[in-house]
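The shown structure was predicted, so the numbers you read here are calculated from the model rather than taken from an experiment.
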Amino acid sequence: MALPQVNSSRYTVFVPGLGKEVEFRPYLVKEEKILMVAMESNDQKQILGAIKNVIEACVFEDIDVNKLAVFDLEVLFLHLRAKSVGERISVNVKCQAKECGLESPVDIDLDDIKSPEISDDDKIVMLSEDIGLTLRYPSFEDIQKFDPEYLEKIDGIMELLVLCIDNIFDTEEVYEDSSDKEKMEFIENLNTDQFQSISSFFDGMPSLKHDIKFTCVKCEHENKVELKGIQSFFT
């Protein structure tokens, strides 16, 4: 005889990159186990993979999680976590005072963390008066192609940049069918200022952010720390 099934509540969250609300259920014990194993590994790719798998299991909408921007995964997981385990978490944060560095537990209400705002205008980068390009935010699928250490190197940055070029345009035409090789050659022929303008797009990419203030119990230093990225909230 089959055992009875416990019905889960349903909730909605606005996903910035999709521009719409998505319905989801809290994650279950079997899914929490996947997350705990990944978090214990301290491996960014494994953690993102676990988050992706849990989102796919818990979201009712027909969305391709692989195509979601990383910050959309962060938003979805943050709300999943809040409805599954609770709205409050405790994060260990280091004191910023010199010669201290003591980690203090700081309580955070997940409802206080705002979702990032995005604008299509931010995706257009002008390289001259008549030449520019349209970028997209890196997706989960894009990020999973690289080791985190490789993305800290110039070759990794440029390969990711090429993946995120939607098109290149001038005053007469929009070039949408360029190969990755052609895009790389285009990037390599930019000057330093032009390349920096593209890099700024990635440096300012939307992400979960939250400022916390706390007083160190050891040295009484008044700290203000910005948490950024999903891992910052669950360490």
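Considering all non-hydrogen atoms of both residues, Ile55 and Phe77 come closest at CD1-N, 4.3 Å. Taking both residues in full, the closest heavy atoms of Asn223 and Ala97 are given as OD1-N, 4.2 Å, listed atom of the first, atom of the second, then distance. Shown here for Ser115 and Val75, the closest heavy-atom pair between the two residues is OG-CG1, 3.7 Å. Nearest heavy atom pair, residue Ser179 against residue Glu182, reads N-OE1, 2.9 Å. Contact detail for Ile187 and Met158: the closest heavy-atom pair is CG2-CE, 3.6 Å. Closest non-hydrogen pair, Glu31 versus Leu28, comes out as OE1-N, 2.7 Å.
Counting non-hydrogen atoms of neighbouring residues, nucleotides and ligands closer than 6.0 angstrom, the CD atom of Glu226 exceeds 12 such neighbours. When the shell of 6.0 Å around CG of Asp177 is examined, it contains 12 or fewer heavy atoms from other residues, nucleotides or ligands. Applying the 6.0 Å contact sphere to CD of Glu117 captures no more than 12 heavy atoms from other residues, nucleotides or ligands. Heavy-atom neighbours of Met36 CE from other residues, nucleotides or ligands within 6.0 Å: at or below the threshold of 12. The neighbour count for Glu188 CD, taken as heavy atoms of other residues, nucleotides or ligands under 6.0 Å away, is above 12.
Between Glu141 and Lys145 there is no salt bridge, since no side-chain nitrogen of the basic residue lies less than 4.0 Å from a carboxylate oxygen of the acidic one.
Here the side chain of Asp72 pairs a donor or acceptor atom with the backbone of Gly17 at under 3.5 angstrom. Remark: side-chain polar atoms of Arg25 are not paired, donor with acceptor, to backbone N or O of Phe60 under 3.5 angstrom. Here the side chain of Ser84 pairs a donor or acceptor atom with the backbone of Tyr27 at under 3.5 angstrom. One N or O on the side chain of Asp170 and one on the backbone of Glu172 form a donor-acceptor pair closer than 3.5 Å. With hydrogens and angles ignored, the 3.5 Å screen pairs a side-chain donor or acceptor of Lys45 with a backbone N or O of Gln144.
Side-chain contact between Pro116 and Lys209 is absent, with no heavy-atom pair separated by less than 4.5 Å. Proximity of Cys164 to Phe202: side-chain heavy atoms (C-beta onward) are separated by under 4.5 Å at one or more points. Counting only heavy atoms from C-beta outward, the side chains of Leu227 and Ile108 approach each other to under 4.5 Å. Val93 is not listed as a side-chain neighbour of Ser104, based on a closest heavy-atom distance of 4.5 Å or more. Side-chain contact between Phe169 and Ile124 is present, with at least one heavy-atom pair separated by less than 4.5 Å. A 4.5 Å side-chain heavy-atom check between Ser9 and Lys83 finds every atom pair outside the cut-off. With a 4.5 Å cut-off on side-chain heavy atoms, Met39 and Ile47 count as touching. Side-chain contact between Leu127 and Ile198 is present, with at least one heavy-atom pair separated by less than 4.5 Å.
For the atom pair CG (Leu163) and CG (Leu135), the distance works out to 11.5 Å, reported to the nearest 0.5 Å. With rounding to the nearest 0.5 Å, the separation of SG in Cys219 from NZ in Lys98 is 13.0 Å. Here CD1 of Ile113 is found 6.5 Å from CG of Leu208. Values are rounded to the nearest 0.5 Å.
Under the ring pair (Phe, Tyr, Trp, His ring centres under 6.0 Å) criterion, Tyr11 pairs with Phe24, sequence neighbours left out.
A donor atom on one side chain and an acceptor atom on the other are found under 3.5 Å apart for Glu159 and Tyr150. The closest side-chain donor-acceptor pair between Asp142 and Ser139 falls under 3.5 angstrom. In this structure, a donor-acceptor pair under 3.5 Å is absent between the side chains of Glu23 and Thr12.
By the 30° and 60° cut-offs, the orientation of the rings of Tyr137 relative to Phe71 is perpendicular.
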